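First up is the structure itself, then whatever we jot down about it.
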Amino acid sequence: MVHIKLVSKDGKDQEIHDVSELEKRVKERKAAAVKINGHSADLNRIPSLKDSDIVEIIPLDSDEGKEIYRHSTSHVMAYAVKNLFPDVRIAIGPSIQDGFYYDFDIDRTFTPDDLATIEKQMQTIISKNPPFVRKEMTRSEARSLFEKLGEPYKVELIDALKDDTVTLYEIDGFIDLCRGPHLESAGRITAYKLLSVAGAYWKGDENNKMLQRIYGTSFSKASDLKKYLLFLEEIKKRDHRRLGKELDLFSVNDEIGAGLILWHPKGSIIRKSIEDFWRNEHLLADYQILYTPHIAKLKLWEKSGHWDFYRENMYSPMDIDNVAYEVKPMNCPFHIAVYKTAIRSYREFPVRYAELGTVYRYEKSGVLHGLLRVRGFTQDDAHIFCREDQIEDEILHVLDFTLSVLKTFGFDDYNVFLSTMPEKYVGPPEIWERSTNALKRALNEKKIAYEVDPGAGVFYGPKIDIKVKDSLGRQWQCSTIQVDFNNPERFDMTFRGSDGRNHRPIMIHRALMGSLERFIGVLIEHYGGAFPLWLSPVQLSVMTIADRHRAYAQTMVDTLKQRGIRVELDAENEKIGNKIRKSTKRKIPYAVVIGDKETSEANVMLRKRNGENIGPFSPEELLSLLQDEINTKK
RNA sequence: GCCCAUGUAGCUCAGUCGGUAGAGCACAUCCUUGGUAAGGAUGAGGUCACCGGUUCAAUCCCGGUCAUGGGCUCCA
């Protein structure tokens, strides 16, 4: 008779006195593994449970369960690769978000055909249902084992371990160093798919050898795998680079340069709509708007510290009349210069300067990616100058403002991160401490849950980053709020306090959208190219049935255009089905068909891009309906 | 920057085991004037990314460059 406590997340703990009873429960609950006294363990450890052990089931569909499942899949994949390519050296193969990978060192390159072959080999392994057998041995035993097996990466991993005993798992003779736990046998793996091959440095260090990484994913239910693969397809369909081309929004050009965006007319009008909105909101929120130059003397950047701390992202200086100039990677020094054109008083605080400032930063060629990662971009930047005791209020103000702007774009789900002092930092640690606390207090006041990201702050101060979730649930970092007590010092900024003496202001940098390029890239994917009316490049397409309807349709288009609607006339020599199709493919929100009926009745039906018809509306009703939807930004 | 893959008409892609290329869509002209996701015909469009090498001959083979994509790393 044993006494085992089975604990569960819902609080319904149970005493179990029979190991077979526990095994039954484990099956019922579709466990991936268990936790014994808080430590995760394989299911086949259950028979050796001791009296008064506390057991918790890790279900397959929990995050931890999925991790175990995928980790086991990655072992099977490594085994399959080793079978097919005996001279491969295996490196490391963890589970990751939505899947797993395994890194291999091999003299040939894996091709997509290889992936299919490896998948087949995995199936062969899985169908034999070999158990995952856990082994323990001393470090030196394990070390010599892997040396004998010709696995230098495993040896290196073992050397980095601190424990005296290490654990290994064996499936069908294939031994891998692994902490575990694992599924009890490979046969439990039912739905998996290898997705891609890519290069990856050993331990992520570019000084190390480049290995080949195979990415894959696995699910305990085939339907979940299918759902995930459909999700990947949906991501592809929404890819902003693809939609940007299809909808004629932007391009990049070899002759001009990588990472430099050409905004086409359709993309520019989206951008202009966002910029207009942005400026209006900033004026309403008591910001003052600035315009500043694109280059400045190198000396300025030396003074600001960018040349010391940010040089690897800056372009080489250019020579102007024997003086070195730099294209700007940031806007802050310019805003500081504006601040310093007068003696400032605490009475004007907080001073909030905002600018849509275009900056240029060097990015390694391999990281450039459509609109999301570019070399020239426009920040929706602002700098707030205030007293240290105003930080908290200002952060609150910025948070409110940011969240309301993000909400306009349908982002009302987000995660917040607080980044603290990094290794390379400037300024006294006490000020870091105080301003980090001010950020914390503001977040707490707003009751915003946040995660601390230790050491991820900028060199000049702590920051709050906001990651929004798009319509597919993916996270994007756009907004950032950064405290800076370094630049006011460097530029000897002052303000006259109520005591008549000069004091040092605090500076807050913030961007809501981050960069317009990136933000619009995110928006394209978020909306899948089907922009809300206020952002749509063409808001309404008016199409004629026959040539005799052209004059009436033209009048209507002219009238709407005069009233600010972005409307296009399609009076081409085509059938109405063709015109509808074109307008739908371009994701134009509304279409109006003008035929005999409309010309005689002076009423129109409005066709939404999803095919639904609403109406009929008189021309005035149509106009006010459109204007209302544009104004409310729905 | 590094590893791998890719670069053919405006777009999406075929193709040539070395003898200077083809489809669909888009575009132009003509016919058709048709009521809610593709009417028909005809036509125009390409130094096959760029530079060099091998060859009688290169879009194809080789080398380099640039760009794009998947990653590593970094970040707005």
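The structure presented is a predicted model; accordingly, all values stated were derived computationally and were not measured. Reminder, nothing fancy here: chain letters follow the sequence lines and each chain counts from 1.
At B:G70, one or more side-chain N or O atoms of A:R241 fall inside 4.0 Å of OP1 or OP2 (strictly under the cut-off). One finds no side-chain N or O of A:Y360 lying less than 4.0 angstrom from the OP1 or OP2 phosphate oxygen of B:A76. Between B:A76 and A:T480, no contact under 4.0 Å exists linking OP1 or OP2 to a side-chain N or O. Regarding contacts with the backbone of B:G34, a side-chain N or O of A:R548 is found under 4.0 angstrom from either OP1 or OP2. Contact annotation: A:K579 does not reach the phosphate of B:G35 (side-chain N/O to OP1 or OP2, under 4.0 Å). Contact between the side-chain N/O atoms of A:N313 and the OP1/OP2 oxygens of B:C75 is not found at any separation under 4.0 Å. An OP1 or OP2 oxygen of B:C74 is reached within less than 4.0 angstrom by no side-chain nitrogen or oxygen of A:R361. Residue A:H369 places at least one side-chain N or O under 4.0 Å from the OP1 or OP2 atom of B:G70.
Taking the six-membered ring for Trp, A:F409 and A:Y527 have ring centres at least 6.0 Å apart. For A:W301 and A:Y310, the ring centers are positioned 6.0 Å apart or more. Separation of the A:F377 and A:Y360 ring centroids does not fall under the 6.0 Å cut-off. Aromatic pair A:F401/A:Y287: ring centres closer than 6.0 Å. Between A:Y425 and A:F459, the distance from one ring center to the other does not fall under 6.0 angstrom.
For the pair A:D239 and A:G257, nearest-nucleotide mapping onto RNA chain B gives the more 5' position to A:G257. Toward the 5' end of RNA chain B, the nearer of the two residues A:H549 and A:Y310, judged by each one's closest nucleotide, is A:H549.
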Protein-nucleotides 41-51 of chain B N/O pairs closer than 3.5 Å?
none

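Nearest to the side-chain atoms of A:D547 among the listed nucleotides B:U33, B:U12, B:U36 stands B:U33. Here B:A38 is the nucleotide among B:G1, B:C3, B:A38 with the atom lying nearest to any side-chain atom of A:N578.
With A:F100 as the aromatic partner, A:R70 does not meet the cation-pi criteria of under 6.0 angstrom to the ring centre and within 45 degrees of the ring axis.
In this pair, A:Y215 does not lay its aromatic ring on the base of B:G71; centres under 5.5 Å and planes under 30 degrees do not both hold.
Below the 3.5 angstrom threshold, one finds a donor paired with an acceptor across the side chain of A:E598 and the base of B:G35. Taking 3.5 Å as the limit, the base of B:A76 and the side chain of A:R518 contain no donor-acceptor pair of atoms between them. In the interface, the side chain of A:Y362 is not paired with the base of B:G1 through any donor and acceptor atom under 3.5 Å apart.
Considering every non-hydrogen atom in both A:T378 and A:E517, the closest pair reads N-OE1, 2.9 Å.
Classification of the A:H526-A:F411 ring pair by plane angle, with boundaries at 30° and 60°, yields tilted. Ring geometry for A:F250 versus A:H240: interplanar angle under 30°, hence parallel rather than tilted (30 to 60°).
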Checklist entry - Would you write out the dot-bracket form of RNA chain B, 5' to 3', with Watson-Crick and G-U pairs under 3.5 Å, [ ] for crossing pairs, | for pairs to other strands and . for unpaired bases? => result (((((((..((((.....[..)))).(((((.......))))).....(((((..]....))))))))))))....
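A:K82 contributes atom NZ, which lies 12.0 Å from atom CG of A:L84 (distance to the nearest 0.5 angstrom).
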